[in-house]
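The figures that follow rest on heavy atoms only: side chains count, while hydrogens, waters and symmetry mates do not.
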Number of protein chains: 2
Amino acid sequence: MSDSRNAPCTLEVALGSRSYPIHIGPGLLGDPRWLAPHLAGRQVMVVTNETVAPLYLSRLRQGLAADLEVRELVLPDGEATKTLASVERIWDALLAAGFNRRCTLIALGGGVIGDMVGFAAACYQRGVAFVQVPTTLLAQVDSSVGGKTGVNHPRGKNMIGAFWQPRVVLVDTDTLVTLPPRELSAGLAEVIKYGLIRDADFLAWLETEMDALRGLDPAALTRAIERSCTLKSQIVAEDETEQGVRALLNLGHTFGHAIEAHQGYGNWLHGEAVGTGMLMAAELSCRLGWLSDEEVARTRAIIEAAALPLAAPAEMSVEDFLAIMRLDKKNLDSRLRLILLRTLGEACIHDATPPETLAALLEAFPRR
Amino acid sequence: MSDSRNAPCTLEVALGSRSYPIHIGPGLLGDPRWLAPHLAGRQVMVVTNETVAPLYLSRLRQGLAADLEVRELVLPDGEATKTLASVERIWDALLAAGFNRRCTLIALGGGVIGDMVGFAAACYQRGVAFVQVPTTLLAQVDSSVGGKTGVNHPRGKNMIGAFWQPRVVLVDTDTLVTLPPRELSAGLAEVIKYGLIRDADFLAWLETEMDALRGLDPAALTRAIERSCTLKSQIVAEDETEQGVRALLNLGHTFGHAIEAHQGYGNWLHGEAVGTGMLMAAELSCRLGWLSDEEVARTRAIIEAAALPLAAPAEMSVEDFLAIMRLDKKNLDSRLRLILLRTLGEACIHDATPPETLAALLEAFPRR
């Protein structure tokens, strides 16, 4: 083993008594050093999905001591699984196995698995230990920090849930080898987002390292994930209750949600829609006089370098966008609230965009 | 209105940023002063059951300003309702009404309603405001403090839940007028418990005031509820995570749960089983040389004065008790852990009761 395999990059998410480490690097999954200190007792249940199980479940089990009582639960893959019924399956399995309050749930998979298993842990016997092992780039840079867990309801996404922090997050960059390229790009959209909203230096670094990232260079991935998690944890720490600065994390999301909702969730990946949405936010920021043409061009270039779409769906009209955007949770009263860019590396919350400026952007933005 | 109606007794449960008041007294329900300051926004949903709704729902609504958006949800009465399916009905109703994160859920009813509505509030959009209006004595002295919410699972009681604190608890002693006498006695069992485990003066006061309490004297009820909530909140504050002293709240519960489980939940009320269980704990404490015969006689007398049963079910054998008690959650490893009395007003956790002493108590304890 190389040295880098023995010393992952570690970031501490500071939350008082609920603080926890995120370990990032290649080869972490099968190494018992990173999980063992964070298990609450001897009872461990690994919950994963049918796609991830054959790839990484046995490797994860190598990282769990032989004298633990380990159970496995494999759920179907996909957002359609993110329901209360799936969480009930987890609770049923825990109770059937006689697991007590000192058990630990390990989520092995992407954001859907992490959200569901975290919620199951939050409510099993009023809260048990939870460990995240995210295997998609999006989950690694997004769900690792913030403590949001939950499931969808037929009337809305993430409507049922809890804030519940993990004991440790294990980001094994080796798991990205099996990630479909579209999903890698979708994760890169969120990575780029952190640079755009808060860290111009990181954005510049991403511009030079995008090829290395897409080529799955472990050192570049580790650095990108570490910086993304650090920026997100700074923002969350400044605004745990989601009243102010945390809204900046939604750069590109209002436009992106409109695309996802119009196209039907799953046809565009969330990160793809956010990528296009960030470009729309940049172009609107330019129309408001904040970004220069050159800054918009840089934004477009890095989104393109990440292989993310640069155009909205052909069939989406201006009115389609506006109708969905008006329902956005961020809006207060009847004013449309958008996250825009003052400059590259600095986002702001803006609820005074002139309707005609927004309409002109939506009209002019390319379709494909 | 009398003066006492204008000035309820108020107790503050100290939990840092999650601190909340408990207002106790007659005539609180229809008075808008006690609810208004604690509503998160204009959207309010009152959840109650079919027994309580015709008695107190309209009075509660008088305490809610006319410009609020108030919805009502009436669930069936009884422990069998305390399921995840009922909580889903609450979530469905909230979403159908378009309620957002600034809504408030009000639980109007006994412990089942309080536990379910608290859990629904804990997980709706990752947590919304929650108000408790307990209408049984048991709920007033037990669920008002501690933040435990949840539902039953076919494999166990309270297996799914969360810790979630209310914004305010409104204890209107007038609601006890309609409480069936058996349920009043069941609530008194928990009141007596606080005296037995922690406050000999309160126990002595209860001995003189038991007739006034059973006669629903508002001043006596207010004092008994206030003292019970104060003692519980002291214990909870000393041990939020339920590792040590909080276990003392389970005096009588290990024996009581055995009776409830053997008889089928609902045939004996929880408080009735706890009443008999406390007498069993007192008699065992006497056999261990801690309580005098006179102290046991005082314990028996106050349990009798509260009209609680003094004998275990006729058909329960020593082995019936032991088989169920061995499954108790408080046990560590294979040792039976019991809450016993060092003296009246001082409980202790004891896991070294000689098996033959316990068997002798179970053999000798009266059956009916």
Side-chain angles (χ1 to χ4, degrees), chain A residues 16-18 40-42 83-85 87-103 115 118-129 146-165 240-243 327-333, chain B residues 16-18 40-42 83-85 87-103 115 118-129 146-165 240-243 327-333:
Chain A
S17 63
R18 291 168 294 120
R42 312 212 70 71
T83 61
L84 196 61
V87 173
E88 286 192 74
R89 280 190 60 186
I90 301 174
W91 290 330
D92 291 346
L94 290 165
L95 284 162
F99 272 29
N100 61 33
R101 280 183 274 188
R102 296 188 66 232
C103 70
D115 285 3
F119 182 54
C123 299
Y124 184 63
Q125 302 205 16
R126 300 201 188 91
V128 298
K148 287 188 179 179
T149 71
V151 296
N152 300 329
H153 185 277
R155 289 184 187 262
K157 291 183 73 170
N158 298 317
M159 282 294 152
I160 308 303
F163 285 94
W164 196 245
Q165 305 295 340
E240 267 209 67
T241 52
E242 209 163 12
Q243 304 304 306
L327 300 176
D328 192 82
K329 272 185 299 196
K330 286 186 294 300
N331 299 335
L332 297 180
D333 309 321
Chain B
S17 63
R18 292 167 292 120
R42 312 212 70 72
T83 61
L84 196 62
V87 174
E88 286 192 74
R89 281 191 59 186
I90 301 174
W91 290 330
D92 291 347
L94 290 165
L95 285 161
F99 272 28
N100 62 31
R101 278 182 277 188
R102 294 187 67 232
C103 69
D115 285 3
F119 183 54
C123 299
Y124 184 63
Q125 302 206 17
R126 300 199 188 92
V128 298
K148 287 187 179 178
T149 72
V151 296
N152 299 329
H153 184 278
R155 287 182 188 264
K157 291 186 72 171
N158 298 315
M159 282 296 152
I160 308 304
F163 284 94
W164 195 246
Q165 304 296 340
E240 270 209 66
T241 52
E242 208 166 12
Q243 303 305 305
L327 301 175
D328 192 82
K329 273 186 298 196
K330 286 186 295 300
N331 299 335
L332 297 180
D333 307 319

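In terms of heavy-atom pairs under 4.5 Å with chain B, the best-connected choice from A/Gly156, A/Ala120, A/Pro154, A/Ala96 is A/Ala96.
For the pair A/Asp115 (side chain) and A/Thr149 (backbone), a donor-acceptor distance under 3.5 Å is absent. The backbone N or O of A/Cys103 sits nowhere less than 3.5 Å from a side-chain atom of A/Tyr124 that would complete a donor-acceptor pair. When atom types are taken as modelled, the side chain of A/Asn158 and the backbone of A/Asn152 share no donor-acceptor pair closer than 3.5 angstrom.
Only the side chain of A/Leu84 comes within contact range of chain B, judged by heavy atoms closer than 4.5 Å. At a 4.5 Å heavy-atom cutoff, B/Asn100 makes no contact with chain A through either its backbone or its side chain.
Residues satisfying the side chain to side chain donor-acceptor pair (under 3.5 Å) test with B/Arg155, not counting sequence neighbours, are none.
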